[in-house]
2 protein chains.
Amino acid sequence: MRATRTQAERREQTRRALVAAARQLFADKGFAGTSTPEIAEAAGVTRGALYHHFADKAALFIAVVEEEHLLIAMAINSAAAGEDEPGPIKAVLGSCNAFLDAMADPGRRRIMLMDAPAVLGSQTLSRIESQYGLSATVRGLGEAMELGVMRRLPIAPLAQLLRAMVDRAAQAPEEEQADYRKAIKALVRGLKA
Amino acid sequence: MRATRTQAERREQTRRALVAAARQLFADKGFAGTSTPEIAEAAGVTRGALYHHFADKAALFIAVVEEEHLLIAMAINSAAAGEDEPGPIKAVLGSCNAFLDAMADPGRRRIMLMDAPAVLGSQTLSRIESQYGLSATVRGLGEAMELGVMRRLPIAPLAQLLRAMVDRAAQAPEEEQADYRKAIKALVRGLKA
DNA sequence: CCATTTTTATGCAGCCTGTATGTAACCGGC
DNA sequence: GCCGGTTACATACAGGCTGCATAAAAATGG
């Protein structure tokens, strides 16, 4: 670290520190259980810096959620890249399983599945989700229908329902994970044309 | 109202007033956006009474959630009673639609679908849900499998997935409700043996 | 009718959030 | 290389909220 930093460097550095500290604390103690003094201290700055970069505590939380969405999408993409492509339905199921694998982290589950809906509200949440994670599912479903291997149904709602299922499955206890994956597989398979 | 009330009457009266006032405020402004002074004032008592009857704000919220669960279950049951029973799969679909009808109230959606997961946590939530709403679904699915009209799959996970789907569908905008119901119907129909 | 328990009210300590104000670091032009 | 201006950060403060402790009032039971 140089003794003097450019503004952009300072800016991004403290922003990153804040988001990283917040992600850790939100993961451990939840949104409501985490205070801005805690976050600032963990990030090594003062609350002044926090409120300079983020409008309020919720805005910082949103930044954490977006980063997490990005990480999850990357994990799913790299899992999909490692597989051969034996058809769109299998591809959709593969990304469901990759999502569940990505959700193994309890902190991530707490942030994304417990707190995010309450803090963001359903419309903000669905906007962010459709921006990050859901578009791939929509593409996969559309492709399957185009190819005639899946019943024609409203695509966006179907994608939302799929997402809702894997969200719920991710929250199930470890020992039931396999059963959930089996049930999801059966439900999706049932859509075959 | 008599000038003098028995203890049980006093107790239940203020309890009801608190739960009713809280339900209204939580519905309008959310759990985090509602303060205990507000609730007490709306109920016509002081915060002292509130904290005498409920351990904390979350306990009052839980009471609201349980009452809401009860109302929803009653609505679903009376809808089911009004229908003839043309088979367990149709019965399951019927209760899905009855649930969606019961979720038309935005305040109820806010309480049950946005705030409850964050306030209660996933394990408390699923305990309450399995106690109130999910047992009927489990029964219906088990019956369908016993009769051989539905594929044999892990029942409890399947019920959870179904609940997750209708929860998500309930949060969809009004104009997409029909599409969601269609998609759910197709997914459940896909489970036919 | 009095002692006791239950219900309700009041006051307090500590914390948190968001903002307003002050200071320090950087930047671009001369 | 200095200097006005802007951006980044720190400090101080006001208001509100939660949960508890203590006090008053109401009911119960003997």
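Chain letters run A, B, ... following the sequence lines, proteins first and then strands; every chain starts at 1.
For the pair B:Thr14 and C:dT7, the criterion of a side-chain N or O lying under 4.0 Å from OP1 or OP2 is not met. A close approach under 4.0 Å does occur between a side-chain nitrogen or oxygen of B:His52 and OP1 or OP2 of C:dT7. Contact check, A:His53 against D:dT7: no side-chain N or O comes under 4.0 Å of OP1 or OP2.
In this structure, the CZ atom of A:Phe61 is 14 Å from the P atom of C:dT17, given to the nearest Å. In this entry the distance linking CZ of A:Phe31 with C1' of C:dT17 reads 11 Å, nearest Å. Across the protein-nucleic acid pair, A:Glu12 atom CD and C:dC26 atom P stand 16 Å apart, rounded to whole Å. A straight line from CD1 of A:Ile39 to C1' of C:dT17 spans 12 Å, rounded to a whole angstrom. Straight-line distance from the CD atom of B:Gln13 to the P atom of D:dA27: 11 Å, rounded to whole Å. One can place CG of A:Leu60 at 11 Å from P of C:dT17, the figure rounded to the nearest angstrom. Straight-line distance from the CZ atom of A:Arg16 to the P atom of D:dA8: 15 Å, rounded to whole Å. Nucleotide C:dT8 holds its P atom 8 Å from the CZ atom of B:Arg11, rounded to whole Å.
Taking a cutoff of 4.0 Å between a charged side-chain nitrogen and a carboxylate oxygen, A:Glu68 and A:Arg109 do not qualify as a salt bridge. Using a 4.0 Å cut-off between a side-chain N of Lys or Arg and a carboxylate O of Asp or Glu, B:Asp167 and A:Arg168 qualify as a salt bridge. Ion pairing between B:Glu176 and B:Arg181 fails under the 4.0 Å rule for side-chain N and carboxylate O. Salt bridge status for B:Arg139 with B:Glu143: absent, with no side-chain N to carboxylate O gap under 4.0 Å. For B:Arg23 and B:Asp115, the salt-bridge test fails: no basic side-chain N is under 4.0 Å from an acidic carboxylate O.
Across all non-hydrogen atoms, the minimal contact from B:Ala55 to B:Ala59 is N-CB, 3.9 Å. Of all non-hydrogen atoms in B:Ile184 and B:Ala169, the two that sit nearest each other are CD1-CB, 4.0 Å.
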Between protein and nucleic acid, restricted to nucleotides 1-4 of chain C and to nitrogen or oxygen atoms under 3.5 Å apart, what atom pairs and distances do you find?
none

Would you give a per-nucleotide map of nucleotides 10-25 of chain D, 5' to 3', where B means the base has a protein non-hydrogen atom under 4.0 Å away, S means only the sugar-phosphate does, and - means neither? BB-----SBBB-----
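Residues B:Glu129 and B:Ser126 have side chains that never bring a donor and an acceptor to within less than 3.5 angstrom of each other.
Classified by interplanar angle (parallel below 30°, tilted 30° to 60°, perpendicular above 60°), the ring pair A:Phe26/A:Phe31 is tilted.
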